[in-house]
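Naming convention: chains lettered A, B, ... in sequence-line order (proteins, then strands); numbering from 1 in each chain. Keep in mind that the numbers below use all heavy atoms, side chains included, and drop hydrogens, waters and symmetry copies.
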Amino acid sequence: MQQEVRVRFAPSPTGGLHIGGVRTVLYNYLFAKKHNGKFILRIEDTDQSRYVAGAEEYIYETLSWCGLVPDESPKHGGNYGPYRQSERKELYRKYAEQLISAGQAYYAFDTPEDLEKMKLRVKTDENTNPQYDHSVRMEMKNSLSLPASEVDQLLSASTPYVIRIKMPENENITLHDMIRGEVHFHSHIADDKVLLKADGMPTYHLAVVVDDYLMKITHAFRGEEWLPSAPVHILLWRYLFGEDAMPEWAHFPLILGPSGKLSKRDGAKYGFPVFAMSWNDKSKGETTEGFRERGFLPEALINLLALLGWNDGTEKEIFTLEELIDSFSIEKVHKGGAKFDFDKAKWFNHEWIKKLSADDLAKKVKTVISGKGVAVKDEKQLYKIISLVKDRCTVLPDFWEQSFFFFREPDQYDTESIKAKWGEDKKRFFENFIKELGAIPEWGSAFIESAFKNLAAVCNIKPGELQLPFRIMLVGGKFGPPVFDIADVLGKKETIERITKALLKFDQ
RNA sequence: GCCGCGUUCGUCUAAGGGUUAGGACACCACCCUUUCACGGUGGUGAUACGGGUUCGAAUCCCGUACGCGGUACCA
């Protein structure tokens, strides 16, 4: 019996979730579901200074909107809680102390000023970014450099301290990554990372290892930005729980903006959303737009994100979540970063709007329409409208541009477009057409069309020449779906009224 | 600076030693449509560079260049 697959997404609740994060969630989710495993959400809120109210709620809402609901989380519960690191605070210290006993970590009493001084002292052109590592640690104030008696004294005097890992000086560390294969590091390049902060909270490095162990995570996936600190995590695993217990790793490629790693600033700068849902930063009073608010469907967002850095090896591009679960494999995730292309994103949304039924779309379209102050009275008519116009809608707000004329009569007419060819004969045609329409036994686009064409033949006018005026009478301009379909949806009474009204206007 | 990762049309990607280097987005043209779209057909357009290995390299190896990431008591 194989071990149950358990994966986790571990965001820090510091603001909106951007699409890189959503994609990480997605790949985690797909992997878990593919292997009948569990998808866990863990909140990494160990940095109290960066706490942002509402950010955690936002994450749940985003996940729920996307349809990527965790099996375990602070909100959904589970057997491995608490799932919020701040609530696990007391549990980390013992592991840090264990490392100290084993000589794999040490207390460090350096103040921020001490660290600053060290950096200034060591900094050269060749070493522009000095680290707290083997080369300087014996010159600093820590339990390695100080005599034991002094360390005891400092501790009993409650001097603030951190616990740092003692990185070995000369060791090769190999990471096996499911996407990249073997990645090699030298231990001497990493610094003595802080494991436990002065406030007693763990840093990411300690917490991720301890929690992945305690929560029985089998596969640890995260963004490529974590690759450089992987050796620290591997060492921690080796020291604390043994490498045999370590999950399998995979580092996903980054999603790039027009210039480097996609950031929320790119959104404002280039005019596309970067967050899944809009995020309001109350401290700065600025809102970052989300895909949801821009009128994207969650199905499309998921689909486009899945294909940004992965594909199933075929030419298939439109996938439902189910299909993604079915065909997903980590090995086919790319190594290289992918630049986000908003045009392609819109194409995916368009495809999804076309793919979904009027029924699927109705609720969202209704929201768009009512957002314009128009109440949708006739459900059946709405379905008809959606079917009629969805092929020409790329994002949800387009439904208004494409169908507003069904809800209100034209307030102006594009008479310019027909002026040149308008005349008495055509006017007469429409006057007769009104009578014909009144006599139509069954209202429907095919009947309207044949009445229209028959009458045109009688009047000896090409039907094509009459269609544009008819369209403008009904909607006001050169837009909309096929004109007989418009008349159909409008209904007999409304159609006749609009022709009548327009005829008067055309004369002026 | 140092370390790591990466590099196929403008963008997302297929091809894991033998293909006229395929598809999609975008763009252009034509067809359909007397609105605009949808749709259809076709077109422009890529293996970063230099060395190897091989009968044969986009594919394997080495260098160079470029890009990205990391280098916090942030995650």
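Applying the side-chain contact (heavy atoms from CB on, under 4.5 Å) rule to A:A108 yields the partners A:Y106, A:D110, A:Y132, A:N142, A:V162, A:R164; only residues at least two apart in sequence or on another chain are considered.
Geometrically, A:K426 does not engage A:F430 in a cation-pi contact defined by less than 6.0 Å to the ring centre and at most 45° from the axis. For A:K419 and A:W422, the positive end is not near the middle of the six-membered ring at less than 6.0 Å and at most 45° from its axis.
Within the 4.0 Å cut-off from OP1 or OP2 of B:C3, not a single side-chain nitrogen or oxygen of A:H188 is found. A sub-4.0 Å separation between OP1 or OP2 of B:A75 and a side-chain N or O of A:K197 is present. Contact annotation: A:K354 side-chain N/O to B:G39 OP1/OP2 distance is under 4.0 Å.
Across all strands, A:H184 comes closer than 4.0 Å only to sugar-phosphate atoms, never to a base (heavy-atom distances). Backbone-only engagement by A:V194 is indicated by non-hydrogen atom pairs under 4.0 Å involving sugar-phosphate atoms exclusively. Here A:V208 lies out of heavy-atom contact (under 4.0 Å) with every strand.
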**Asked** In the 5'-to-3' direction, what one-character label does each nucleotide of nucleotides 21-29 of chain B receive under the scheme B = base within less than 4.0 Å of a protein heavy atom, S = sugar-phosphate only, - = no such atom?
**Response** -SSBB----
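Rounded to whole Å, atom P of B:C2 lies 19 Å from atom NZ of A:K119. Atom pair A:L388:CG and B:U35:C1' shows a separation of 13 Å (rounding to whole Å applied).
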